[in-house]
Amino acid sequence: MIKSIVLVDDNTATNYIHETYLKRVNCAANILSFTMGKSALDYLNSLKTFPELIFVDINMPSMDSWEFMEEYEKIDMSLKINTRVILLTTSILPSDKEKMEQYEQIDAMMFKPLNETAIRQIMTEYFNLTL
């Protein structure tokens, strides 16, 4: 089990679905949801220990994932050395894949909504956990 996961998605229903699946898989002690990128960044900037996993929706109205990543990359690297960032989308566009390549700190892009199988795969691939 990892300590913490942060969800950033403007859709509260999507956050609820993802929280439900994450709890079913029992992969994190703490799951926090944010509906605005700015709120999530404010939270992250207040931490001394970063979450191990951050899921960010690509398309959000006030701050999309690319704007989020611009600000995220300004945070001291030593704080987020063990943090994985996964972008979530309903359709993976070639232009999004190209943009993703510009950000070293994005580990993957996946379709949403997540399900238990996808979460287990993430836990295995990035954290060597079999749940």
Side-chain angles (χ1 to χ4, degrees):
M1 179 181 290
I2 62 176
K3 293 177 188 166
S4 182
I5 295 175
V6 167
L7 302 169
V8 186
D9 194 312
D10 61 302
N11 186 320
T12 54
T14 300
N15 278 337
Y16 176 78
I17 290 166
H18 290 160
E19 277 188 59
T20 301
Y21 285 133
L22 290 163
K23 287 176 182 175
R24 280 187 196 167
V25 173
N26 195 29
C27 60
N30 192 21
I31 303 165
L32 292 163
S33 298
F34 295 90
T35 55
M36 294 183 1
K38 172 92 171 79
S39 300
L41 286 165
D42 289 345
Y43 169 74
L44 293 170
N45 279 309
S46 74
L47 298 177
K48 291 185 175 145
T49 304
F50 259 53
E52 290 89 345
L53 183 56
I54 301 172
F55 290 105
V56 183
D57 179 26
I58 286 184
N59 295 309
M60 295 182 286
S62 62
M63 175 185 274
D64 66 19
S65 64
W66 313 118
E67 295 164 315
F68 178 90
M69 289 308 300
E70 287 292 325
E71 295 303 313
Y72 180 80
E73 288 197 339
K74 294 177 185 175
I75 299 170
D76 182 357
M77 187 62 188
S78 66
L79 293 172
K80 53 191 179 176
I81 195 82
N82 296 316
T83 302
R84 302 290 187 178
V85 176
I86 297 177
L87 300 185
L88 299 176
T89 185
T90 53
S91 63
I92 296 179
L93 303 172
S95 60
D96 287 338
K97 282 189 166 193
E98 290 171 16
K99 279 185 184 177
M100 186 182 109
E101 298 300 319
Q102 298 172 18
Y103 297 92
E104 284 183 30
Q105 296 172 35
I106 297 174
D107 293 282
M109 185 183 306
M110 298 180 71
F111 287 110
K112 68 176 188 174
L114 295 171
N115 58 37
E116 290 180 40
T117 302
I119 293 166
R120 284 188 176 93
Q121 288 173 339
I122 291 165
M123 291 299 128
T124 300
E125 182 174 346
Y126 294 107
F127 303 101
N128 283 336
L129 295 175
T130 304
L131 302 169

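As a basis for the values below, the full set of heavy atoms in this structure was taken, side chains included, without hydrogen atoms, waters or symmetry mates. Nothing here was measured: the structure is a model prediction, and the numbers come from that model.
Across every non-hydrogen atom of P113 and I17, the tightest pair is CB-CG2, 4.3 Å. The shortest heavy-atom contact between S62 and M36 is OG-CG, 4.3 Å. K38 and M63 get closest at one heavy-atom pair: N-SD, 3.7 Å. For the pair P51 and I54, the tightest heavy-atom approach, listed with the atom from each and the gap, is CG-CG1, 3.9 Å. Residues E71 and L41 approach most closely at CB-CD1, 3.4 Å, considering heavy atoms. Shortest non-hydrogen contact noted between A118 and L114 is CB-CD2, 4.3 Å.
I86 and L32 end up in different hydrophobic clusters when Ile, Leu, Val, Met, Phe, Trp and Tyr side chains are linked at under 4.5 Å. No path of Ile, Leu, Val, Met, Phe, Trp and Tyr side chains, each step under 4.5 Å between heavy atoms, connects L44 with L88, placing them in separate hydrophobic clusters. By the rule that hydrophobic residues join a cluster once side-chain heavy atoms approach within less than 4.5 Å of another member, V56 and L22 end up as members of separate clusters. Neither M109 nor L7 shares a network with the other; the hydrophobic side chains, linked directly or stepwise wherever heavy atoms of I, L, V, M, F, W or Y lie under 4.5 Å apart, form separate groups for each. Taken together through direct or relayed side-chain contacts under 4.5 Å among Ile, Leu, Val, Met, Phe, Trp and Tyr, V25 and M110 form part of one hydrophobic cluster.
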Side chain to side chain contact (heavy atoms under 4.5 Å, CB included) evaluation trace for I122 with F55 | CA-CA 11 Å; I122 291 165; F55 290 105; 3.7 Å; yes
Audit row: V85, K80, side chain to side chain contact (heavy atoms under 4.5 Å, CB included) steps and yes/no | CA-CA 10 Å; V85 176; K80 53 191 179 176; over 6 Å; no
Salt bridge (charged side-chain N to carboxylate O under 4.0 Å, His left out) evaluation trace for E116 with R120 = CA-CA 6 Å; E116 290 180 40; R120 284 188 176 93; 3.5 Å; yes
Where do D96 and I58 land on the side chain to side chain contact (heavy atoms under 4.5 Å, CB included) test, with the steps shown first?
-> CA-CA 9 Å; D96 287 338; I58 286 184; 4.0 Å; yes
Given E101 and K97, is the salt bridge (charged side-chain N to carboxylate O under 4.0 Å, His left out) satisfied, shown in steps?
-> CA-CA 7 Å; E101 298 300 319; K97 282 189 166 193; over 6 Å; no
Please lay out, stage by stage, how C27 and M1 fare under the test side chain to side chain contact (heavy atoms under 4.5 Å, CB included).
-> CA-CA 5 Å; C27 60; M1 179 181 290; 5.8 Å; no
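Among residue pairs with one or both ends in residues 5-47, those qualifying as ring pair (Phe, Tyr, Trp, His ring centres under 6.0 Å) are F34-Y43; sequence neighbours excluded. Identified under the ring pair (Phe, Tyr, Trp, His ring centres under 6.0 Å) test for residues 106-131, with sequence neighbours left out: none.
Annotation: the span from I5 atom CD1 to I119 atom CD1 amounts to 7.5 Å, rounded to 0.5 Å. We find the CZ-CG distance between R24 and L131 to be 15.0 Å, quoted to the nearest 0.5 Å. Rounded to the nearest 0.5 Å, atoms CD (Q105) and CE (M69) are 5.5 Å apart. If you take CG on D107 and CD on E125, they are separated by 9.0 Å, rounding to the nearest 0.5 Å. Between atom CG of residue D10 and atom OG1 of residue T12 there is a gap of 9.0 Å, rounded to the nearest 0.5 Å. The distance from the CG atom of L87 to the NZ atom of K112 is 11.0 Å, given to the nearest 0.5 Å.
Looking only at side-chain heavy atoms (C-beta outward), M123 and L53 come within less than 4.5 Å of each other. Using a 4.5 Å cut-off on side-chain heavy atoms (C-beta onward), K3 and N30 make no contact.
The closest donor-acceptor contact from the side chain of D9 to the backbone of N15 lies at 3.5 Å or more, if one exists at all. A donor-acceptor contact shorter than 3.5 Å links the side chain of E52 to the backbone of S4.
For E67, the salt bridge (Lys or Arg N to Asp or Glu O under 4.0 Å) test picks out no residue, with sequence neighbours left out.
Under a 4.0 Å N-O distance rule, the pair K23/E19 qualifies as a salt bridge.
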